Protein chains: 2
Amino acid sequence: QNYQKDFLHFQEIFLTSSSNYTISSYLRELTQHPHIAGTQSSLETVEYVHKHFKDLNFETHTVNFEALLSYPVHSSLSLHFSNGTSKELSLTELGQLGKVVVPFHAYSPSGKTMAKMVFVNYGRIEDYNKLIDLGVNVSGCVVITRRGEVLSRAGIVERAAENGAVALLMYTEGGDGKTTRFNDGVERGTVMKGLGDPLSPGWGGIEGGEKLGVKDNQVMKRFPKIPSMPISVENAEMILEGLEGPKVPDEWKVTLKSKVGRVGPGPTLVNFTHQEEKKEATIHNVFAVIKGWEEPDRYVLLGNHRDAWTYGAVDPNSGTAALLDIARRYALLMRYGWVPRRTIILCSWDAEEFGMVGSTEWVEQNLVNLGSKAVTYLNVDCAVQGPGFFARATPQLDNLIIDVTKKIKDPDSEDMEVYQTWFARNSGIDIQRLGGVDSDYASFLQHAGVPSIDLYYGKDFPVYHTAFDSFDWMTTYGDPLFRRHVTVSGIWGLLALHLADDLILPFDYSAYATKLQDYAKTLENLLGSDLDLRPITSAIQEFTIAAKEVVSEAKELREQITSDDLLIMKRRSLNDKLMLAERGFLDPEGLQGREWFKHLVYGPPEDDESKLVIFPGIADAISRATRMPKEQEGKSAIQHEIWKVARAFRRAATALKGELF
Amino acid sequence: QNYQKDFLHFQEIFLTSSSNYTISSYLRELTQHPHIAGTQSSLETVEYVHKHFKDLNFETHTVNFEALLSYPVHSSLSLHFSNGTSKELSLTELGQLGKVVVPFHAYSPSGKTMAKMVFVNYGRIEDYNKLIDLGVNVSGCVVITRRGEVLSRAGIVERAAENGAVALLMYTEGGDGKTTRFNDGVERGTVMKGLGDPLSPGWGGIEGGEKLGVKDNQVMKRFPKIPSMPISVENAEMILEGLEGPKVPDEWKVTLKSKVGRVGPGPTLVNFTHQEEKKEATIHNVFAVIKGWEEPDRYVLLGNHRDAWTYGAVDPNSGTAALLDIARRYALLMRYGWVPRRTIILCSWDAEEFGMVGSTEWVEQNLVNLGSKAVTYLNVDCAVQGPGFFARATPQLDNLIIDVTKKIKDPDSEDMEVYQTWFARNSGIDIQRLGGVDSDYASFLQHAGVPSIDLYYGKDFPVYHTAFDSFDWMTTYGDPLFRRHVTVSGIWGLLALHLADDLILPFDYSAYATKLQDYAKTLENLLGSDLDLRPITSAIQEFTIAAKEVVSEAKELREQITSDDLLIMKRRSLNDKLMLAERGFLDPEGLQGREWFKHLVYGPPEDDESKLVIFPGIADAISRATRMPKEQEGKSAIQHEIWKVARAFRRAATALKGELF
Ligand SMILES: [Ca+2]
Ligand SMILES: [Ca+2]
Ligand SMILES: [Zn+2]
Ligand SMILES: [Zn+2]
Ligand SMILES: [Zn+2]
Ligand SMILES: [Zn+2]
């Protein structure tokens with residue numbers, strides 16, 4: 001009882017200790033210089049974060065890995081018109097004086113070519129098919145594409161290479177096709193497939209550890225086969241205006257704002273040069289640890305990456321500033337006598353931009369301990385991009401998120417809680433899922449099976465991965481008063497307090513069961529009656545029953561707040577079940593051909609264009625089936641993956657029940 | 001303090017409650033009829049064991065699986081001499097009236113052939129090479145081989161098939177080549193590769209679950225390509241006497257007791273017929289559960305198989321009788337007020353003889369719970385084969401076994417403890433390891449990473465897998481007074497009491513570290529300076545340090561026997577580390593090409609003739625390297641496996657440390 005009262009008291013202190021002043025000062029410091037991973041310039045932020053944790057008297061660690069990163073050495077683009085004139089395109093962003101890295105695609109191979117250009121819209125399969133209909137062959141050409149919402153950069157480049165293109169230029173309009181880009185910013189980004197250091201797939205890339213050769217097949221298959229480069233909207237328009245050939249299809253124009261009319265090829269030629277350097281670099285993850293008093297061997301992890309393509313005021317250091325402020329507030333709580341029941345770990349990742357490298361290496365390195373002891377991973381990347389709260393999570397955490405947003409003030413509406421405006425905007429609660437690989441939660445959830453959350457405010461900010469993602473932009477547009485920052489750090493920090501301190505873990509697996517039922521319907525609609533989905537539906541039934549039982553067991557134990565020996569052990573045992581149930585969704589042997597991905601519910605399908613965005617194993621089997629000569633063979637392969645998912649549901653149910661019989 | 005005293009008191013009751021009378025009566029009941037798995041006749045033993053547990057008031061369960069088993073339908077052998085006469089060989093064992101199953105090789109394909117015969121000694125590669133030297137080609141012939149100690153039945157048949165043989169006859173002399181077989185007993189056995197139901201590789205073969213088709217490649221590759229049959233020594237001698245051709249090499253004669261002089265082929269022809277039936281059968285595992293009072297979610301498992309090729313008095317029901325007597329003695333303890341701290345589970349497996357099917361299906365089905373909660377698996381198969389104590393274990397359990405044998409009376413020497421005679425016989429303590437796949441510990445250790453023990457008295461008993469493995473043989477030769485049975489059940493039951501009741505798990509990882517150091521030396525001697533073993537030696541160092549720290553942490557906590565909230569949790573946390581460290585040796589993705597095998601230290605090499613019998617991944621890479629055209633390629637592959645083992649050691653060290661930093 002005492003303890004419960006204390007806990008409410010500490011929550012109160014946490015909530016009243018927010019400060020937009022401190023957060024903004026952290027962000028200003030972090031964004032003084034560009035700090036791309038693996039370079040000298042990034043060390044300042046390592047030291048800044050480390051010192052911050054240290055000064056607050058936290059147990060602090062810097063854990064290094066060696067990883068193969070990629071940097072641009074020299075790039076150029078010039079247009080050669082049919083009238084014999086030519087024009088060199090500027091690749092740097094206006095107003096920048098060489099401090100930020102030139103816009104590039106990390107891991108794009110070096111290459112040099114002089115060729116005609118073709119506009120391929122978003123670079124999807126349907127786009128290439130349309131071009132074939134128009135009689136346009138991209139083989140031997142440089143393709144120019146815009147980045148849409150479906151394909152990853154790597155996916156765009158891969159399709160271009162498959163269609164015979166020799167190089168690729170990519171530009172980004174407003175994320176929704178309506179907003180404009182900010183100035184002439186150019187979107188940097190990685191084109192590597194998979195996660196983590198390419199030289200140490202599946203294991204921690206520690207110094208002195210095993211490293212594959214750069215020419216190893218396993219390594220090479222993660223890099224694109226053709227070179228690519230991001231360009232500005234201005235450059236893109238100039239190029240597109242010079243194209244002749246068939247007219248741009250009407251359906252492409254709907255969202256295309258340039259005044260361009262034809263797809264090419266040519267007649268203008270482009271002289272494309274890109275020279276990259278791959279380099280084994282040292283990367284630095286920084287940690288603060290608050291050891292739990294009762295269960296030091298249970299971990300609640302808060303993570304955010306620190307490395308940025310440029311100044312990183314939004315991406316990722318709005319999150320870093322929030323993390324540092326949570327550290328400050330937790331330190332305050334500790335001065336009032338608080339120690340968390342479970343261990344809290346604040347994680348500052350490096351080299352996320354290159355492919356979640358810092359977090360992935362650390363997860364790989366610590367898989368055994370994380371697999372058996374990590375309670376939840378709470379990720380925040382671009383904490384503040386604009387207005388509006390967004391959350392993604394594994395479903396057993398949905399209700400906790402909802403509860404917590406009811407306790408935090410909305411930064412943009414007087415006298416409202418986040419919950420209310422969030423609900424109003426979506427006409428309900430809309431929590432997305434974590435099947436993507438766009439931030440550091442991916443290794444925790446998809447490789448290690450740790451229940452995860454990802455939070456952010458605003459989306460599709462126009463300076464994404466450009467030189468204009470700066471403190472200036474944040475104070476002018478993103479969050480002038482840093483009230484959204486305060487909100488995110490409040491939600492993030494309070495979530496972690498519950499996860500670390502609640503007697504019984506605030507996990508609701510009935511919500512998970514409901515989601516699985518939805519997914520089964522999605523699958524049924526997609527596959528029709530061709531395949532037998534009963535293994536899945538009956539496994540979901542089992543999971544649902546187990547979830548219900550655990551909910552009532554939890555209710556019972558929550559009410560017994562005194563402690564005797566047996567009760568302590570009963571709580572631990574229940575909490576272990578709650579923690580480990582998510583691991584049941586893992587298949588230790590991984591997805592066929594992409595064994596690193598272990599989670600059978602959440603993970604990216606091999607094909608970005610897959611209609612199915614859950615159950616990556618089933619999604620892959622569906623894609624492969626379309627390439628199989630015998631229909632029956634494809635069906636059996638899909639059915640086999642359906643069985644695997646059903647068994648994963650049963651494993652999770654068994655883990656939840658926690659009983660052998 | 002009270003608790004410790006109580007515990008010693010209960011130990012005392014356990015030790016004084018032994019009874020050879022009860023054990024012998026259990027064995028008599030179990031061995032009244034043959035009880036091969038999957039048949040009606042086996043149901044009596046299911047009921048007998050179930051009723052025994054039930055009558056003792058234990059929570060009792062029967063868990064069924066569906067598995068593809070194999071039975072003989074019709075077999076015949078006749079010799080056709082060059083003089084035109086012929087002779088039908090009797091395939092049944094004399095003195096048996098058709099009650100026991102005819103001697104056969106389970107999963108041998110059906111086949112029919114008339115061909116010349118060649119004697120191939122043990123059927124090793126070197127034996128076939130010798131025959132080539134002698135100018136003898138076995139292609140198209142039926143080979144006759146004796147069973148040695150190196151090759152498994154499946155390995156013998158595989159080599160014969162690779163050399164072009166069309167069928168195989170196998171006989172067994174005394175295990176050491178010196179003792180004789182008992183009467184005309186013939187050794188039955190399985191020739192399937194791998195463990196568990198072939199139709200559900202890697203998952204529990206429950207009714208209504210996924211089953212592969214019998215013609216699936218994954219299934220077919222587990223069965224031999226040519227038919228085979230076991231024969232008696234008498235029949236073997238008759239066949240061998242009729243062979244002409246080159247003389248039997250001198251080195252083969254050393255251990256060959258038959259008066260046979262030539263290897264063949266022919267001139268005698270053999271008419272070989274074998275017709276098998278593969279059948280999906282229901283198999284029954286029976287369990288008794290004693291729920292722990294403090295840690296019901298930690299399992300100590302005692303297991304023994306129940307199915308037998310014939311009467312099974314040694315194999316396996318001497319172990320079953322011991323298990324049933326432990327149940328009786330535990331029930332007695334409970335009447336005196338004992339409840340174990342952790343849950344104890346008595347397991348009676350079915351279909352072990354077909355390839356560890358019952359235990360494997362159950363382990364596969366319950367992998368998530370066993371992986372996170374099983375403390376130790378204690379196996380006893382052929383409990384009593386003759387005189388002399390034998391133990392195999394994962395090394396953290398060595399010291400516990402030694403301690404326990406000091407408390408149990410030797411059955412064959414007045415006033416001695418087992419420890420003394422055991423020590424004297426080996427001039428030291430000789431605990432073997434569990435890299436084989438000859439009993440039900442294999443799935444627990446090699447698939448799930450559960451620390452394991454296997455115990456038995458005597459070895460190489462002459463009625464192994466014959467019709468003469470009967471209660472009669474046991475009372476006449478094996479253990480007339482059942483004193484050895486009492487000894488095994490005493491050691492087995494007391495080991496389990498310690499594992500279930502000790503405040504701190506009695507695991508000593510320093511002993512494991514010492515073993516790993518030995519293994520590193522073995523590897524160094526085998527591989528020379530060609531490969532870099534430093535990853536392994538430095539990982540062992542890390543493991544050794546972690547083990548030492550845990551030993552002193554355990555010492556400290558053992559001394560604090562009072563209980564407060566924090567101490568309870570500290571113990572649980574330490575015990576979790578001790579339990580989970582063994583899991584670190586698993587590679588979740590498994591051995592290349594044999595993904596079911598996850599343990600990188602203990603497991604069977606793919607090649608039975610491998611010189612290396614630890615580190616199956618490295619052993620396999622060495623075998624594959626000999627078949628690679630480029631030497632360097634082979635070396636890199638071995639080096640990669642060395643790295644994997646080193647990482648497994650580090651994982652185990654990390655799990656033991658239990659710290660992320
Ligand atoms: Ca790695
Ligand atoms: Ca199976
Ligand atoms: Zn980011
Ligand atoms: Zn980014
Ligand atoms: Zn046996
Ligand atoms: Zn046997």
Side-chain angles (χ1 to χ4, degrees), chain A residues 59 61 63 202-204 208-210 212 287 289 293-297 299 343 345 362 365-373 535 538 563-566 568-570 572-573 576-577 580-581 583-584 586 588-590 595 598 639-640 642-644 646-647 650-652 654-655 657-661, chain B residues 59 61 63 202-204 208-210 212 287 289 293-297 299 343 345 362 365-373 535 538 563-566 568-570 572-573 576-577 580-581 583-584 586 588-590 595 598 639-640 642-644 646-647 650-652 654-655 657-661:
Chain A
E59 176 192 327
H61 302 274
V63 178
W203 66 88
E210 183 181 20
L212 301 181
F287 302 89
V289 180
W293 63 272
E294 189 184 76
E295 298 190 272
D297 60 345
Y299 315 130
T343 294
I345 305 177
W362 192 76
Q365 179 71 11
N366 294 289
L367 193 59
V368 171
N369 275 324
L370 293 172
S372 56
K373 300 175 187 174
S538 83
S563 85
D564 67 58
D565 292 15
L566 280 191
I568 290 174
M569 213 50 110
K570 267 190 191 165
R572 168 87 169 198
S573 175
D576 278 3
K577 291 193 289 185
L580 293 177
R583 271 49 147 204
L586 301 182
E589 294 179 7
E595 288 72 14
K598 311 286 186 195
Q639 187 66 52
H640 183 51
I642 288 171
W643 275 111
K644 280 193 193 174
R647 287 193 293 266
R650 275 188 202 277
R651 278 197 300 274
T654 316
K657 272 188 270 182
E659 301 282 351
L660 291 169
F661 303 100
Chain B
E59 177 193 327
H61 302 274
V63 179
W203 66 87
E210 183 182 21
L212 302 181
F287 302 89
V289 179
W293 63 271
E294 190 183 74
E295 296 189 273
D297 60 345
Y299 314 131
T343 294
I345 306 177
W362 192 75
Q365 178 72 9
N366 293 289
L367 194 59
V368 171
N369 275 324
L370 292 173
S372 57
K373 300 177 186 172
S538 83
S563 86
D564 68 59
D565 291 15
L566 280 190
I568 290 175
M569 213 51 109
K570 268 190 190 164
R572 168 87 170 199
S573 176
D576 278 3
K577 293 193 287 184
L580 293 176
R583 269 55 145 198
L586 301 183
E589 294 180 7
E595 289 72 16
K598 310 286 187 196
Q639 187 68 52
H640 183 51
I642 288 171
W643 275 112
K644 280 194 194 173
R647 287 194 293 267
R650 275 189 202 279
R651 277 197 301 273
T654 316
K657 271 189 271 186
E659 301 282 351
L660 291 169
F661 303 101

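Since the structure is predicted, the reported quantities are computational estimates derived from the model, not experimental observations.
Heavy-atom distances place no part of Lys657(A) under 4.5 Å from chain B, backbone and side chain included. Heavy-atom distances place the side chain of Ile345(A), and not its backbone, under 4.5 Å from chain B. In this structure, chain A has no heavy atom under 4.5 Å from any part of Gln365(B). Of the two parts of Lys570(A), neither the backbone nor the side chain holds a non-hydrogen atom closer than 4.5 Å to a non-hydrogen atom of chain B.
The candidate from Met569(A), Glu595(A), Glu659(A) with the greatest count of non-hydrogen atom pairs under 4.5 Å with chain B is Met569(A). For the options Gly208(A), Gly202(A), Ser372(A), Gly209(A), heavy-atom pairs under 4.5 Å to chain B are most numerous at Gly209(A). Note on Asn369(A), Val368(A), Val289(A): by heavy-atom pairs under 4.5 Å with chain B, the leading option is Asn369(A).
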Step by step, work out the side chain to side chain contact (heavy atoms under 4.5 Å, CB included) result for Phe287(B) and Leu660(A). CA-CA 11 Å; Phe287(B) 302 89; Leu660(A) 291 169; over 6 Å; no
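With sequence neighbours excluded, the residues satisfying salt bridge (Lys or Arg N to Asp or Glu O under 4.0 Å) with Glu295(A) are Arg342(A), Arg572(A).
Atom OG1 of Thr343(A) and atom CH2 of Trp293(A) lie 12.5 Å apart (nearest 0.5 Å).
A donor-acceptor contact shorter than 3.5 Å is absent between the side chain of Arg647(A) and the backbone of Trp203(B).
The existence of a salt bridge linking Lys644(A) and Glu589(A) is excluded, since no basic side-chain nitrogen approaches an acidic carboxylate oxygen closer than 4.0 Å.
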